[in-house]
Q: 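Next up is a structure, given as structure tokens.
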Amino acid sequence: MRKAARVTDMVKEQKTGAEIIWRCLEREGVKHVFGYPGGAILPAYDALRSSSIHHVLVRHDQGATHMADGYARASGGVGVAIATSGPGATNMVTGIATAMMDSSPIVCITGQVGSKVIGSDAFQETDITGITLPITKHNYLVTRAEDIARTIREAFYIAKSGRPGPVLIDISKDAQQSKCVFEWDAAAPQLPGYRPDLSPTADEYEQAVSLIANAKRPVILAGHGILVSEAGRELLSFAERAEVPVALTLLGLGAFPASHPLNLGMMGMHGEAWVNTMIQEADLLIALGMRFDDRVTGNLKTYAPNAKKIHVEIDPAEINKNVNVDVALVGDLREVLKELLEELEPARHSQWLDYMQQLKGDSAVRDIQNLPDSGHLYAAHVINDLWHATQGNALVVTDVGQHQMWEAQYYKHEHARSLITSGGLGTMGFALPAAIGAKVARPDDEVWVVVGDGGFQMTMPELATLVQEKLKIHIAIINNGYLGMVRQWQEFFYERNYESTPLLNPDFVKLAEAFGIRAAAVTQRSEVVPTIATAREHDGPMLIDFKVEQEDTVYPMVPAGSDLHKMIRRPSVLVETAADT
Ligand SMILES: Cc1cc2nc3c(=O)[nH]c(=O)nc-3n(C[C@H](O)[C@H](O)[C@H](O)COP(=O)(O)OP(=O)(O)OC[C@H]3O[C@@H](n4cnc5c(N)ncnc54)[C@H](O)[C@@H]3O)c2cc1C
Ligand SMILES: Cc1ncc(C[n+]2csc(CCOP(=O)(O)OP(=O)(O)O)c2C)c(N)n1
Ligand SMILES: [Mg+2]
């Protein structure tokens, strides 16, 4: 009897490549995948029946990638998207580039034609590893079942370690169909050239501590890296001990509580005027997990001219890429902050903080929230009311455009991972699918989509996915009848030539109802709060079409390439109106 058992042990069980895909994903802890089937990936779909993993059927392969991305950003884990070869794979390109630009860890699995016909223009063949080479952290073409397990393990490791990013695995149909022995342990990643675990030297730490100790007008620039490395607590201790105000990038919002007295708000093109002014006048910038995007710096030649700069960053390629720095600390932010905290002496910068209050006061009189109610429905009002109603506790997923900037300005983010938005690529159509991914990751959280009337129409078929998955997600369309952000650029820089920006929109309420989603239109300010309340109380998803002021403008604005302090502010006539009241 015992002898028979030993013999069975020795004859290792064979599995198809398709089965191995699911076994590996299960071992990686994957619970949900987002995908769309087709011929070259059908063996994998056939083998799904033996898996505990839940497959979310999307309505467009691009949606699958944004959902995986939203899932990753909401959870801190890795999102998984699946598509077939050819058009399925190419439809993923925008979502992969979006994840790459924002360092979001996703693994995309695509089917490929049989290995024997690769290169023959076979039906639905496309060179997706070639196409995605510049927009993935790494990618693979797998043509043997024996290589699937190792590749999937490596892909997950690469996607989430170091600076996170998307990894694509293209698996030929015959690799999915053929059988081999599945050995998880033997498939451990072997990546000798890959070094995601760098750390600074003692000398570099010393230089940084000395710069911080000597600064009179320091500003922390906190970015997305804080959220990635889960360094929120360390950031808080650092800022409080050294008494340094914290400016945030768009992707860093939520990394430092909005209500904290040291929180400055968002920096950059549509950042608050006081934030940009303080950056320009600082004598030390402490950049933490942010990459000095051009939306953040404006004209590099005049950027923070009198400031020494410290850059804490995990990716050595980011050091001195856009802005030359005095000290670079290359490593994981949380680890680096912990080390810095050991050495950091308490300090006070009361004069500098008084100056901040003074600058804030000047901006407050220009703030639309403080202006008399003109009877118009402004997007800023809608978002401010949404913030009040949800007490800042919702997970908001925004699209790209003016509404995205108003959300960043008027929804005060208290918590990490409470805003998901496409920053680097600025991908319209991101919000709805990304919110679906986020809700799948955090089913108990209140999720709001804030989306423009233009961007919504790019991925609105995913409403069907939302309904099929029975997800309670609320959608606030900020409907200004324009491709608003482009219209704003035309207003400022193209003599109001509104070429191709007015939108003829469908009836969004009827559209939602066609999907079985409750919906309402709002045209008056008085209806905003009650309609938001109705949505929150409703036992299911709800779409609200907020018909807002059509030619409204996001202020302040630093014109692209201009000096950061040269912002276009809200016209003075409004300031005078405010001062009169
Ligand atoms: C219409 C529009 C307007 C915009 N306007 C603005 C604006 O006014 N202000 C603004 O800020 N942005 C704006 N953006 C967004 C902007 O384009 C960038 O996406 C954003 O500034 C990038 O923020 P980030 O550098 O924090 O994040 P990322 O681009 O995600 O960079 C994060 C950095 O952190 C590093 N990192 C990751 N993990 C770690 C770790 N564990 N340890 C250390 N480092 C790590 C990464 O290597 C990377 O360099 C706008 C976007 C759009 C679409
Ligand atoms: C896929 C894609 N195409 C084009 C653009 C350029 N673009 C940036 S903002 C914008 C207008 C967005 O309009 P809407 O969704 O209505 O939002 P609004 O600005 O009006 O709030 C456009 C066209 C983009 N960012 N993404
Ligand atoms: Mg619009």
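When a ligand or atom number is given, it counts from 1 through the structure's own listing order. Atoms considered below: every heavy atom in the structure, side chains included; atoms not considered: hydrogens, waters and symmetry mates. We count residues from 1, following the sequence as given.
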Q: Would the distance check show the side chain of Tyr482 and the main-chain N or O of Tyr498 forming a donor-acceptor pair, the cut-off being under 3.5 Å?
A: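 Not confirmed, Tyr482 side chain does not pair with Tyr498 backbone.
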Q: Would you say Gln402 has an N, O or S atom lying under 2.8 Å from the Mg ion (ligand 3)?
A: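 Coordinating: no.
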Q: Considering only heavy atoms of Gly401, which atoms of ligand 2 have at least one such atom less than 4.0 Å away?
A: 9 (S), 19 (O)
Q: Tell me whether the Mg ion (ligand 3) has Asn480 as a neighbour, meaning an N, O or S atom of it below 2.8 Å.
A: yes
Q: Nearest 0.5 angstrom please: Ile128 CD1 to Leu168 CG, how far?
A: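 With rounding to 0.5 Å, CD1 (Ile128) is 6.0 Å from CG (Leu168).
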Q: Within a 6.0 Å radius of atom CZ on Arg241, are there more than 12 heavy atoms belonging to other residues, nucleotides or ligands?
A: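 Counting neighbours around CZ of Arg241, more than 12 heavy atoms of other residues, nucleotides or ligands fall under 6.0 Å, so yes.
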Q: Looking only at protein heavy atoms, identify the closest one to atom 14 (P) of ligand 2 and say how far it is in Å.
A: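 Looking only at protein heavy atoms, the one closest to atom 14 (P) of ligand 2 is Gly454 N, 3.6 Å.
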Q: Side chain or backbone, does Gly484 bring an N or O within less than 3.5 Å of an N or O on ligand 2?
A: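 Between Gly484 and ligand 2, an N or O pair is found under 3.5 Å apart.
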Q: Tell me the protein heavy atom at minimum distance from atom 6 (C) of ligand 2, and give that distance in Å.
A: Met428 SD, 4.2 Å
Q: Is there a heavy atom of Val400 sitting under 4.0 angstrom from any atom of ligand 2?
A: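 Checking ligand 2 against Val400, which is what was asked, there is a heavy-atom contact under 4.0 Å.
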Q: To check your reading of the model: name the closest protein heavy atom to atom 9 (S) of ligand 2, its residue, and the distance in Å.
A: Met485 CB, 3.7 Å
Q: Donor-acceptor pair, Glu462 side chain versus His60 backbone, under 3.5 Å?
A: yes
Q: Can you find an N/O atom of His403 closer than 3.5 Å to an N/O atom of ligand 2?
A: yes
Q: Can you pull the residues with any heavy atom under 4.0 Å from ligand 1?
A: Met101, Asp102, Arg163, Gly223, His224, Gly225, Val228, Ser229, Thr249, Leu250, Leu251, Met266, Met267, Gly268, Met269, His270, Gly271, Gly289, Met290, Arg291, Asp293, Arg295, Val296, Glu313, Ile314, Asp315, Glu318, Gly331, Asp332, Leu333, Val400, Gln404, Met405, Ser422, Gly423, Gly424, Gly426
Q: If we set the cut-off at 4.0 Å for heavy atoms, which region of Phe456 has an atom near ligand 2: side chain, backbone, both, or neither?
A: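 The answer is neither.
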Q: Can any side-chain N or O of His270 pair as donor or acceptor with the backbone N or O of Pro556 at less than 3.5 Å?
A: yes
Q: Measure from the side-chain N and O atoms of Glu414 to the backbone N and O of Ser259, and report whether any donor-acceptor pair falls under 3.5 Å.
A: yes
Q: Could you tell me whether the side chain of Gln280 and the main chain of Ala304 form a donor-acceptor pair under 3.5 Å?
A: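 Such a contact is found between Gln280 side chain and Ala304 backbone.
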Q: Just verifying a value: how many Å separate Trp448 CH2 and Ile383 CD1, rounded to the nearest 0.5 Å?
A: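 Nearest 0.5 Å value for the CH2-CD1 distance: 11.5 Å.
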Q: What is the closest protein heavy atom to atom 13 (O) of ligand 2, and at what distance does it sit?
A: Leu483 CA, 3.3 Å
Q: Do me a favour and list the nearest non-hydrogen protein atom to atom 15 (O) of ligand 2 with residue, atom name and distance?
A: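 I find the closest protein heavy atom is Gly455 N, 2.7 Å.
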Q: Any salt bridge linking Glu491 with Arg487? Criterion: basic side-chain nitrogen under 4.0 Å from a carboxylate oxygen.
A: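 Yes, this pair counts.
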Q: Under the criterion salt bridge (Lys or Arg N to Asp or Glu O under 4.0 Å), which of Arg163, Arg291, Lys137 is the partner of Asp315?
A: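 With Asp315 as partner, Arg163, Arg291, Lys137 yield a single salt bridge (Lys or Arg N to Asp or Glu O under 4.0 Å), made by Arg163.
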Q: Tell me which N, O or S atom from Asp453 is the closest to the Mg ion (ligand 3).
A: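 Nearest to the Mg ion (ligand 3) within Asp453's N, O and S set: OD1.
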Q: In sequence, state the C-alpha distance, the side-chain angles, and the governing distance for Phe34 and Thr465, and then conclude on side chain to side chain contact (heavy atoms under 4.5 Å, CB included).
A: CA-CA 10 Å; Phe34 306 92; Thr465 310; over 6 Å; no
Q: Can an N or O of Gln402 be found at a distance shorter than 3.5 Å from an N or O of ligand 2?
A: yes
Q: Taking the non-hydrogen atoms of Asp453, is any one of them nearer than 4.0 angstrom to ligand 2?
A: yes
Q: Set out, in order, the CA-CA distance, both residues' side-chain angles and the distance that settles side chain to side chain contact (heavy atoms under 4.5 Å, CB included) for Val325 and Ile310, then state yes or no.
A: CA-CA 6 Å; Val325 297; Ile310 299 172; over 6 Å; no
Q: Are any side-chain N or O atoms of Gln404 and backbone N or O atoms of Gly401, one a donor and one an acceptor, separated by less than 3.5 Å?
A: yes
Q: Run the salt-bridge test on Arg73 and Asp102 with the 4.0 Å N-O cut-off and return the result as yes or no.
A: yes
Q: May I ask whether Gly426 has any heavy atom positioned less than 4.0 angstrom from an atom of ligand 2?
A: yes
